[in-house]
> 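Pasting a structure here, questions to come.
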Amino acid sequence: MKKFYLTTPIYYVNGAPHIGHAYTSIAADVLARWRRLDGCAVFFLTGTDEHGQKVEKAAAEAGLDTQSFTDRVTDDFRAMAMAMGISNDDFIRTTEARHKRACVALWERLVANDMIYLGHYEGWYAVRDEAFYGEDELVRKPDGTRLAPTGAPVEWVREPSYFFRLSAWQEKLLAFYEQNPDFIAPVARRNEVLSFVRGGLADLSVSRTSFTWGIPVPNDPAHVMYVWLDALTNYITAAGFPDESDPRWRFWPADLHIVGKEIVRFHAVYWPAMLMAAGIAPPRRIYSHGWWTVEGEKMSKSLGNVIDPRALIAEFGLDPLRYFLLREVPFGNDGDFSRRALITRLNGELANDLGNLAQRTLSLIARNCDGRRPAIGERMPADTALLAAAAALPGGLDERITRLAFHEALEEVWKIIRAANAYIDHQAPWALRKTDPARMAVVLRTLADALRVIATVLQPFMPESMARMLDQLAVPASARDLAALAVELPAGVALPAPSGVFPRFVEPAG
RNA sequence: GGCGGCGUAGCUCAGCGGUAGAGCAGGGGAAUCAUAAUCCCUUGGUCGGUGGUUCAAAUCCGCCCGCCGCUACCA
């Protein structure tokens with residue numbers, strides 16, 4: 001059986017989950033569910049990143065000890081995954097013992113390979129912000145003094161730090177990208193990474209002494225591991241590292257890390273270099289998705305327009321939200337979230353195109369076929385044309401979903417849905433009822449079969465709604481994967497009374 | 001400053017050498033099984049500008065304009 005290991009980033013727990021987190025997780029979830037539907041052994045990982053100074057600070061502000069604070073926030077992320085229907089197989093926290101063990105093991109391997117050395121970290125530090133800033137981020141005052149972007153004064157500080165010999169990996173990384181042209185996608189992001197690496201790599205500071213909320217460096221507890229080593233390592237922790245006899249280890253290397261564009265560099269440059277330096281295979285692919293704006297504006301706490309996905313679910317339902325997020329925008333692009341656009345998709349595509357197609361088909365069967373699935377009968381060219389188009393969906397979708405082209409995949413399905421609506425109008429089974437009942441039965445069976453394919457392939461996108469549609473089509477739970485589509489369903493089986501799957505959204509009067 | 005991306009119908013975008021496409025929105029018609037849903041027809045673009053290559057350019061090349069991303073440097 002083929003294996004597939006995919007991950008979301010681990011989410012940083014200094015704030016509450018929002019639509020951006022939901023987007024990443026939903027996209028990964030669709031892919032995970034698709035692979036399972038196709039018979040793959042899937043390991044789907046998500047989790048939370050819980051160390052670092054910002055978390056320490058956020059906990060203090062919340063008046064909690066750090067561990068209690070992270071416990072609370074990670075529960076919130078877990079609850080969000082649940083609310084979003086995320087089908088992760090594991091949920092990792094960087095504060096877990098298994099993760100500390102993995103980080104220490106990785107560190108020791110890097111030390112053994114002479115890839116880590118003790119040096120000094122230098123930079124502009126703002127005491128008020130407890131953060132380092134790059135030269136380019138600073139604002140120069142006319143009198144020559146420098147200020148952080150936040151307005152805080154900065155000073156040049158020097159603290160001991162362990163370094164990873166990233167500079168030794170420039171050529172090897174370039175060769176790796178060359179040999180694996182699909183390693184970074186979309187292409188625009190790949191170009192940026194290539195350009196960054198070609199520009200030269202400096203050694204990477206991988207420890208800090210300025211805070212303690214982290215994993216202590218082996219044999220030098222004054223240091224804790226800095227974010228790169230700590231956070232990225234989660235992907236091998238969950239696969240059992242360093243225990244290579246762990247059953248999970250067969251999932252490594254990860255087939256795909258889905259990331260936001262702000263962390264591409266860490267995943268596409270630092271991570272493979274660290275792994276190769278430790279003698280571990282790098283992941284197969286990194287895919288970077290875009291950002292959402294809200295009603296045309298950047299999402300930010302200060303604007304107060306940060307969207308809580310759970311509020312959207314309450315109003316529109318989970319599946320319409322999942323559908324919208326993946327349908328509205330090509331996965332690698334930025335997009336805009338607007339209420340109007342969501343309602344347009346929900347009503348036009350889910351309620352009118354698909355929901356109504358299922359409803360009219362099923363109610364015709366209920367009323368005119370004794371509520372039983374009709375026999376296949378003698379098919380006409382129009383019937384076989386529709387069914388052939390439907391039968392091509394799994395292959396077409398697989399190719400598109402593999403490219404993370406979710407919007408294209410959905411468009412492919414909607415082509416068939418539109419064709420089915422045209423078909424039912426042209427065949428007019430409600431007229432055949434009087435003139436040619438046998439033909440009517442064939443038409444309705446054809447539609448039921450087309451709907452079965454449509455509902456089957458849409459399950460990863462809208463699990464709950466499509467389960468209900470398959471229920472109404474009386475497709476047994478054991479016959480809902482892609483392989484089952486090759487087997488015709490028996491005629492004469494009673495169908496449950498139809499009920500709408502996607503009600504139209506009507507704006508509350510006010 | 002360097003590298004890269006984008007600019008096509010009112011909107012969102014596809015097309016990337018052979019005389020412009022989709023969805024939505026707009027207009028007209030049909031039907032009435034269905035969630036007043038659907039189907040059919042249709043209006044609409046000098047493909048950012050400008051030079052060039054070619055028998056032929058939205059599609060290739062140069063320059064210009066406008067957005068955006070990554071990255072660098074100077075005072």
Side-chain angles (χ1 to χ4, degrees), chain A residues 134-144 146 184-202 260-265 268-269 288-291 293 296 298 320 324 327-338 340-369 382 400 405 407-408 410-415 417-435 437 440-441 443-444 447-448 451 465 469 472 498-506:
Chain A
E135 178 75 47
D136 55 331
E137 294 179 276
L138 299 177
V139 180
R140 279 287 274 274
K141 304 266 286 185
D143 65 5
R146 292 160 216 261
I184 310 161
V187 179
R189 296 276 103 79
R190 176 183 155 83
N191 290 340
E192 288 176 6
V193 170
L194 288 182
S195 147
F196 175 77
V197 175
R198 287 193 186 117
L201 296 174
K261 61 185 180 182
E262 78 285 5
I263 51 175
V264 168
R265 185 195 300 171
V269 182
S288 161
H289 69 249
W291 289 113
T293 52
K298 195 174 169 186
F324 175 80
R327 171 67 253 231
E328 181 72 1
V329 173
F331 192 54
N333 295 9
D334 290 348
D336 183 54
F337 183 95
S338 83
R340 201 180 65 78
L342 172 59
I343 293 171
T344 299
R345 295 268 181 208
L346 167 54
N347 283 345
E349 296 172 7
L350 295 180
N352 297 351
D353 291 343
L354 176 55
N356 185 53
L357 171 67
Q359 185 68 13
R360 63 203 303 213
T361 299
L362 290 166
S363 59
L364 283 165
I365 291 175
R367 195 160 327 120
N368 305 309
C369 303
R400 288 170 175 82
H407 71 298
E408 283 185 37
L410 289 168
E411 174 59 21
E412 286 304 299
V413 181
W414 255 257
K415 279 181 188 163
I417 293 170
R418 288 182 213 115
N421 270 318
Y423 170 88
I424 193 172
D425 269 41
H426 295 156
Q427 300 302 318
W430 48 90
L432 291 168
R433 182 168 61 102
K434 293 173 182 166
T435 59
M440 174 200 71
V443 167
L444 293 177
L447 284 161
L451 276 168
S465 308
M469 192 169 283
Q472 295 191 32
S499 76
V501 173
F502 296 113
R504 281 181 67 79
F505 179 84
V506 181

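Scope of the values below: all heavy atoms of this structure, side chains included, with no hydrogens, waters or symmetry mates. Quick caveat, the model's predicted, so the values are computed rather than measured. Each chain gets a letter, A, B and so on, in the order its sequence line appears, and its residues count up from 1.
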> Mind calculating the distance between CD1 (Ile417(A)) and C1' (C39(B)) to the nearest angstrom?
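Going from Ile417(A) (CD1) to C39(B) (C1'), I get 16 Å.
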> Name all residues meeting the side chain to side chain contact (heavy atoms under 4.5 Å, CB included) criterion together with Val329(A); count only those two or more places apart in sequence or in a different chain, and write none if there are none.
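With sequence neighbours excluded, Val329(A) shows a side chain to side chain contact (heavy atoms under 4.5 Å, CB included) to Trp292(A), Asn333(A), given in chain and number order.
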> How would you list, by chain and number, every residue that makes a side chain to side chain contact (heavy atoms under 4.5 Å, CB included) with Leu342(A), sequence neighbours excluded?
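Per chain and number, Leu342(A) pairs via side chain to side chain contact (heavy atoms under 4.5 Å, CB included) with Phe316(A), Phe324(A), Phe337(A).
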> Rounded to whole angstrom, note down the C1' distance from A31(B) over to G15(B).
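Here A31(B) and G15(B) have their C1' atoms 35 Å from each other.
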> Using atom C1' of each nucleotide, how far apart are G1(B) and U43(B) to the nearest Å?
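Result for the C1' pair: 48 Å, nearest Å.
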> Whole angstrom is fine here: how far is it from CD in Gln427(A) over to P in C40(B)?
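Rounding to the nearest Å, CD of Gln427(A) and P of C40(B) are 13 Å apart.
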> Provide the distance between the two P atoms, one in A57(B) and one in U19(B), to the nearest whole Å.
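After rounding to an integer number of Å, I get 12 Å for this pair.
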> What's the gap between G51(B) and C41(B) when it is taken at their C1' atoms, as a whole Å value?
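Each nucleotide's C1' atom is 42 Å from the other's.
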> Mind checking the C1' distance from C74(B) to C68(B)? Whole angstroms is fine.
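My reading of the C1' atoms in C74(B) and C68(B) gives 24 Å.
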> U12(B) P sits how many Å from Phe324(A) CZ, rounded?
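Phe324(A) atom CZ is separated from U12(B) atom P by 13 Å.
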> Rounded to the nearest Å, what distance is computed from the CD atom of residue Glu262(A) to the C1' atom of nucleotide G69(B)?
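Taking CD of Glu262(A) and C1' of G69(B), I get 14 Å after rounding.
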> Please round to the nearest 0.5 Å and tell me the distance separating atom CG of Asn368(A) and atom CH2 of Trp430(A).
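So the CG of Asn368(A) and the CH2 of Trp430(A) are separated by 11.5 Å.
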> Who are the side chain to side chain donor-acceptor pair (under 3.5 Å) partners of Gln359(A), not counting sequence neighbours?
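In terms of side chain to side chain donor-acceptor pair (under 3.5 Å), with neighbours along the sequence ignored, Gln359(A) is linked to no residue.
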> Identify, with sequence neighbours excluded, every residue that meets side chain to side chain donor-acceptor pair (under 3.5 Å) alongside Arg360(A).
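With sequence neighbours excluded, Arg360(A) shows a side chain to side chain donor-acceptor pair (under 3.5 Å) to Asn421(A), Asp425(A), given in chain and number order.
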> Between which residue ranges does RNA chain B form stems of three or more consecutive Watson-Crick or G-U wobble pairs, both distances under 3.5 Å?
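Expected stems, ordered by start: B:1-7 with B:65-71, B:10-13 with B:21-24, B:26-30 with B:38-42, B:48-52 with B:60-64.
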> Return the set of residues passing side chain to side chain contact (heavy atoms under 4.5 Å, CB included) with Arg367(A) (not counting sequence neighbours), or none when no residue passes.
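Only Ser363(A) meet the side chain to side chain contact (heavy atoms under 4.5 Å, CB included) criterion with Arg367(A).
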> Between atom NZ in Lys261(A) and atom C1' in C70(B), what is the gap in whole Å?
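It works out to 11 Å between those atoms.
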> If a protein heavy atom is under 4.0 Å from the base, mark B; if only from the sugar-phosphate, S; if neither, -; do that for nucleotides 23-35 of chain B going 5' to 3'.
S--------SBBB
> I'd like the C1' distance from U8(B) over to G23(B), given in whole Å.
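Straight-line distance between the two C1' atoms is 15 Å.
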> With Ser288(A), which residues qualify under side chain to side chain donor-acceptor pair (under 3.5 Å), at least two apart?
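Partners of Ser288(A) by the side chain to side chain donor-acceptor pair (under 3.5 Å) criterion come out as none, since no residue qualifies.
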> Find the distance Lys415(A):NZ to G21(B):P and express it as a whole number of Å.
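Interatomic distance, NZ of Lys415(A) to P of G21(B): 15 Å.
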> Would you measure the distance from the C1' atom in C3(B) across to the matching atom in C47(B) and give it in whole Å?
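Roughly 27 Å separates the two C1' atoms.
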> Mind jotting down which residue pairs meet the side-chain hydrogen bond (donor to acceptor under 3.5 Å, both in side chains) criterion with at least one end in residues 190-200 of chain A? Sequence neighbours excluded, please.
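Qualifying pairs, neighbours excluded: Arg189(A)-Glu192(A).
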> For Asp336(A), check salt bridge (Lys or Arg N to Asp or Glu O under 4.0 Å) against everything at least two apart and list the hits.
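By the salt bridge (Lys or Arg N to Asp or Glu O under 4.0 Å) rule, Asp336(A) matches no residue at all.
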> Work out how far the C1' atom of G7(B) is from that of G49(B), and round it to whole angstrom.
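Approximately 11 Å lies between the C1' atom of G7(B) and that of G49(B).
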> Rounding to a whole Å, what distance do you find between Trp414(A):CH2 and A37(B):C1'?
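My rounded result for the distance is 15 Å.
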> Partners of Asp353(A) by side chain to side chain donor-acceptor pair (under 3.5 Å), sequence neighbours excluded?
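By the side chain to side chain donor-acceptor pair (under 3.5 Å) rule, Asp353(A) matches no residue at all.
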> Knowing that exactly one of Thr361(A), Leu444(A), Ile365(A) qualifies, which makes a side chain to side chain contact (heavy atoms under 4.5 Å, CB included) with Pro429(A)?
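Per the side chain to side chain contact (heavy atoms under 4.5 Å, CB included) rule, the option paired with Pro429(A) is Leu444(A), out of Thr361(A), Leu444(A), Ile365(A).
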> List, with names and distances, any nitrogen or oxygen atoms from the protein found under 3.5 Å away from nitrogen or oxygen atoms belonging to nucleotides 2-10 of chain B.
residue	atom	partner	partner atom	Å
G4(B)	O2'	Asn191(A)	ND2	3.4

